[in-house]
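First comes the structure, then the notes that go with it.
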Protein chains: 2
Amino acid sequence: MYEKKIPKDFSCGMAILMEIIGGKWKSYLIYLIANNVRRPAELQRAIPSASRRVLDLQLRELEFHGIIKRVIYPEMPPKVEYFMTPFGESMLPVVASMETWGAEYMETFRQLMENKQKTMHTDGECVEIKKDKPVIRGRRTLAKAV
Amino acid sequence: MYEKKIPKDFSCGMAILMEIIGGKWKSYLIYLIANNVRRPAELQRAIPSASRRVLDLQLRELEFHGIIKRVIYPEMPPKVEYFMTPFGESMLPVVASMETWGAEYMETFRQLMENKQKTMHTDGECVEIKKDKPVIRGRRTLAKAV
DNA sequence: GAGAATACGGAAAAAATTATCCGTATCCGA
DNA sequence: TCGGATACGGATAATTTTTTCCGTATTCTC
């Protein structure tokens, strides 16, 4: 594993949760494994936009953190399956609530971002913005304004 | 803001939530602001391990994502306050559940990590590990074992 | 026997995030 | 008038994460 240089401080709950599910695909992996998608190749097919390598790495980390368990069947061709540990299962409600919130506010979020886009790329007239943003944003402008 | 090169896909709830609170200190900031720590300097004092710069950046992003609102009082010396937006408040229960889970399992997690440490740095005898890990971990070993 | 599937790892490049250090400006108090 | 408080931004370095591309090995099918 990559050797970290900046020590981490796990004195608060969020830090721990983030350490565990912070990776780009980890929450997907947890979700999938909890829903019986167990084998590496299946997981890769389920998340095609992720490279095989990262999924591997993140699965290792989830295993390292005690969230999932890797079971190897000594067969040929190789067979591996992942299972949630009890510790991992304990976090499913949290993951679910995160997913639920995100899904519920997906539209809100998208529309918000769309509006930003508009006001950011329109070089012609971003009137409302020009009205207050400079005053709000710039230090210099504020100074002048006062 | 840093211009991203890999487009993001917000088709799932987790991705949205992560986009919003993924930053290193964002959840702290949300927590603090929701608990009436409003002014930039206060926030910085509350999170001394974070550099001023990152907090600024992450506050900008939270504002950009519609989670908090920045209110400028045109005074001298400068005064700024952050407030949760309704959208931001809607995510407080989720943040709370994340924090709660993390706090609840903090000890579990720490002990787990401690054990890993032991088995990783003991060069003398990590007997249990040697018994099964190599078989589990290495491809080659498995091949031989079969 | 070539090519698919299974599973995995190393090395290096690319991308993203965070840290560090510099600067701006005003005001207040010693 | 100097140091500290307020608040902020640019540029660059360091760190971390993710991607890409290479390789290993076995078995089964065509």
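Basis for what follows: all heavy atoms, side chains included, without hydrogens, waters or symmetry-related copies. In what follows, chains carry the letters A, B, and so on, assigned in the order in which the sequence lines appear, proteins first and then strands, with residues in each chain numbered from 1.
- Listed here is the closest heavy atom pair of A/D9 and A/A15: O-CB, 3.6 Å.
- B/Q44 places its CD atom 17 Å from the P atom of D/dG4, with the value rounded to the nearest Å.
- Residue contacts for A/R45: at a heavy-atom cut-off of 4.0 Å it reaches the sugar-phosphate backbone alone, with no base atom in range.
- As rounded to whole Å, 10 Å separates atom P of D/dG10 from atom CZ of B/R60.
- When rounded to the nearest whole Å, the span between CD of A/E42 and P of C/dC8 equals 13 Å.
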Subject >> Test log, rule side chain to side chain contact (heavy atoms under 4.5 Å, CB included), inputs A/Y82 and A/L32 >> reply: CA-CA 10 Å; A/Y82 294 99; A/L32 289 169; over 6 Å; no
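- As rounded to whole Å, 11 Å separates atom C1' of C/dG9 from atom CZ of A/R70.
- In this structure, the CD atom of A/E75 is 12 Å from the P atom of D/dT27, given to the nearest Å.
- At least one donor-acceptor pair closer than 3.5 Å links the side chain of B/Q58 to the backbone N or O of B/K26.
- We find that NZ of A/K79 is positioned 9 Å from P of C/dA7, with the value rounded to whole Å.
- For the pair A/M18 CE and C/dT17 C1', the computed distance is 14 Å after rounding to whole Å.
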**OP:** Encode nucleotides 14-21 of chain D as B, S and - characters from 5' to 3', where the letter depends on protein heavy atoms closer than 4.0 Å: B to the base, S only to sugar-phosphate, - to neither.
**Re:** -SBBSBB-
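- To the nearest angstrom, C1' of C/dT6 lies 13 Å from CD1 of A/I72.
- Annotation for B/K79: atom NZ counts as buried by contact number, over 12 foreign heavy atoms lying within 6.0 Å.
- Inter-residue side-chain proximity for B/R110 and B/E107 is flagged as met; some heavy-atom pair is nearer than 4.5 Å.
- Other residues, nucleotides and ligands contribute at most 12 non-hydrogen atoms within 6.0 Å of the OH atom of A/Y31.
- Nearest nucleotide to the side chain of A/R39, out of C/dT26, D/dC8, C/dA7: C/dA7.
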